[in-house]
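Basis for what follows: all heavy atoms, side chains included, without hydrogens, waters or symmetry-related copies. First the proteins, then the strands, lettered A, B, ... as listed; each starts at 1.
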There are 2 protein chains.
Amino acid sequence: MSAQATPRPGGRSARVQQSVHQAVRDLEAEVGRDALTVPLIATRAGVTPSTVYRRWGDLRALLSDVAVERLRPDAPPADCGSLRADLEAWTVQFAEEMSSTAGRTYIRDTLLGDPEQGNAARCSDYAAEQLKAIGVRAAGRGEAVPDVETLLDVVVAPLMYRILFRPSALSEAYTARLVAAALGRSELSPGA
Amino acid sequence: MSAQATPRPGGRSARVQQSVHQAVRDLEAEVGRDALTVPLIATRAGVTPSTVYRRWGDLRALLSDVAVERLRPDAPPADCGSLRADLEAWTVQFAEEMSSTAGRTYIRDTLLGDPEQGNAARCSDYAAEQLKAIGVRAAGRGEAVPDVETLLDVVVAPLMYRILFRPSALSEAYTARLVAAALGRSELSPGA
DNA sequence: CAGCCTAATGCTAAGAAATTGCGTCTGGCC
DNA sequence: GGCCAGACGCAATTTCTTAGCATTAGGCTG
């Protein structure tokens, strides 16, 4: 249903998908997310509503696909010279992006309209890839590197939990504390 | 909008709310959650659809209210004789309930249709209250007790993150490992 | 390169749901 | 016992959703 592959990469299907996604992004900025409807998006994209319903099923699934695209990192994590500095920089940026109004909306849209959790898993994979890149770079410097699973448990999960369930419990110093906790027990690997 | 207090506890408003909530629960079991619509629920509850729209705004907000009620613990945490045993028992039960298909649906419904995050915060408060009760009991035994904030970060958050974003990454041994990690660093208190 | 064949899209209409305005009634409060 | 604010029922309008059918695009084979 969601995140479907494009069977014909260069064909009309791909153009329709791109056009519809772009229409969602445009209209999100123009009329606001809550005013989005399938007929509105379809008209803007130059397709008929039935096409959208057939391809995505419903509005939630379409928004989930668009949202997860927006959560994709657009650049590799910055190189600040050390594992700790890289992790702190990445965590601060991650927390800022995800806790913003737009970020929270994208996360919730991703989680919703996605019964198979495919988009949610992609969202987590993005973070894992970034952390993995930071780890590889630190290992190249000869530093001891915590497991990606550990970082997801100790840094990403608490951040996400607070963003989704306790929006008032986020502070600036908190992210640094999470990174410190992760580095302090880098030898522990809860694993899967 | 959601989780509104009942202005007239014994009056018609209270009866309508109870009736609508019950209709949601009944129909969820009968026709499935995805088949729920406001007119369907309203008819079953013996009210008109406009009443539901006025009280809850839309279907998502109504489902959010019902879902958070279902996530409320129905009993204090079991007393297994020690902090570690209590925590392990509670964590296992929590993980089982939340990772089930129904549990995940309730969580997602709670997060949705709730722009102010009030219901999501209540959901987190439920877990915090349970953990607090376990801690108070353990303190009564003279045991050293980890901070509730620490438990939320180290135990609850990783579980929730995996349930929502990485449903394949949950295992039985994992919950025990989380509890062990929490007890191993009970002196650390990341706090808020 | 020409023709076929699958699959995706456009179109239309019917059915269902969402939204709003207005009148009525309940129930708390003087 | 009467007043008043809030909540509800009713009904009409608008919008969304879904299904059937015709058409077209584009890949594929010969």
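Rounded to a whole Å, the CG atom of Asp58(B) is 16 Å from the C1' atom of dT20(C). Put simply, CG on Leu62(B) is 11 Å from P on dA18(C), counting in whole angstrom units. Atom CG of Leu40(B) and atom C1' of dA18(C) are 15 Å apart (whole Å). For the pair Leu36(A) CG and dT15(D) P, the computed distance is 16 Å after rounding to whole Å. If you measure from atom CG of Leu59(A) to atom P of dA17(C), you get 18 Å, rounded to the nearest angstrom. Note: CG (Leu27(B)) to P (dA17(C)) measures 12 Å, nearest angstrom. A straight line from CZ of Arg15(A) to P of dA7(C) spans 19 Å, rounded to a whole angstrom.
Looking at heavy-atom distances under 4.0 Å, Thr48(B) makes contact with a base.
Listed nucleotides: dC16(D), dT9(C), dG27(C). Nearest to the side chain of Arg12(B): dG27(C). Ranking dA18(C), dC22(C), dA8(C) by closeness to the Arg54(B) side chain, first place goes to dC22(C). Counting only heavy atoms from C-beta on, Ser13(B) has its side chain closest to dC8(D) among dT9(C), dA17(C), dC8(D).
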What are the atom names and distances for every N/O pair under 3.5 Å that joins the protein to nucleotides 12-14 of chain D?
none

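Contact of Ser50(A) with dC11(C) (side chain to base): a donor-acceptor pair of N or O atoms is detected under 3.5 Å.
With Asp109(A) as reference, Arg33(A) is the one residue of Arg104(A), Arg60(A), Arg33(A) to meet the side chain to side chain donor-acceptor pair (under 3.5 Å) rule.
Taking Thr175(B) as the reference, Thr91(B), Val92(B), Ala95(B), Leu159(B) meet the side-chain contact (heavy atoms from CB on, under 4.5 Å) condition, with sequence neighbours excluded. Residues passing the side-chain contact (heavy atoms from CB on, under 4.5 Å) test with Pro167(A), sequence neighbours excluded: Gln117(B).
Heavy atoms from other residues, nucleotides or ligands lying under 6.0 Å from CD of Glu30(B) number more than 12.
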Glu28(A) vs Arg25(A), salt bridge (charged side-chain N to carboxylate O under 4.0 Å, His left out): CA-CA, chis, key distance, verdict: CA-CA 5 Å; Glu28(A) 232 170 31; Arg25(A) 286 188 287 265; over 6 Å; no
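Side-chain contact between Tyr106(A) and Cys123(A) is absent, with no heavy atoms from C-beta onward closer than 4.5 Å. Contact of the Leu83(B) side chain with the Pro146(B) side chain is registered, since non-hydrogen atoms from C-beta on lie closer than 4.5 Å.
The phosphate of dT19(C) (OP1 or OP2) has no side-chain N or O of Tyr53(B) nearer than 4.0 angstrom.
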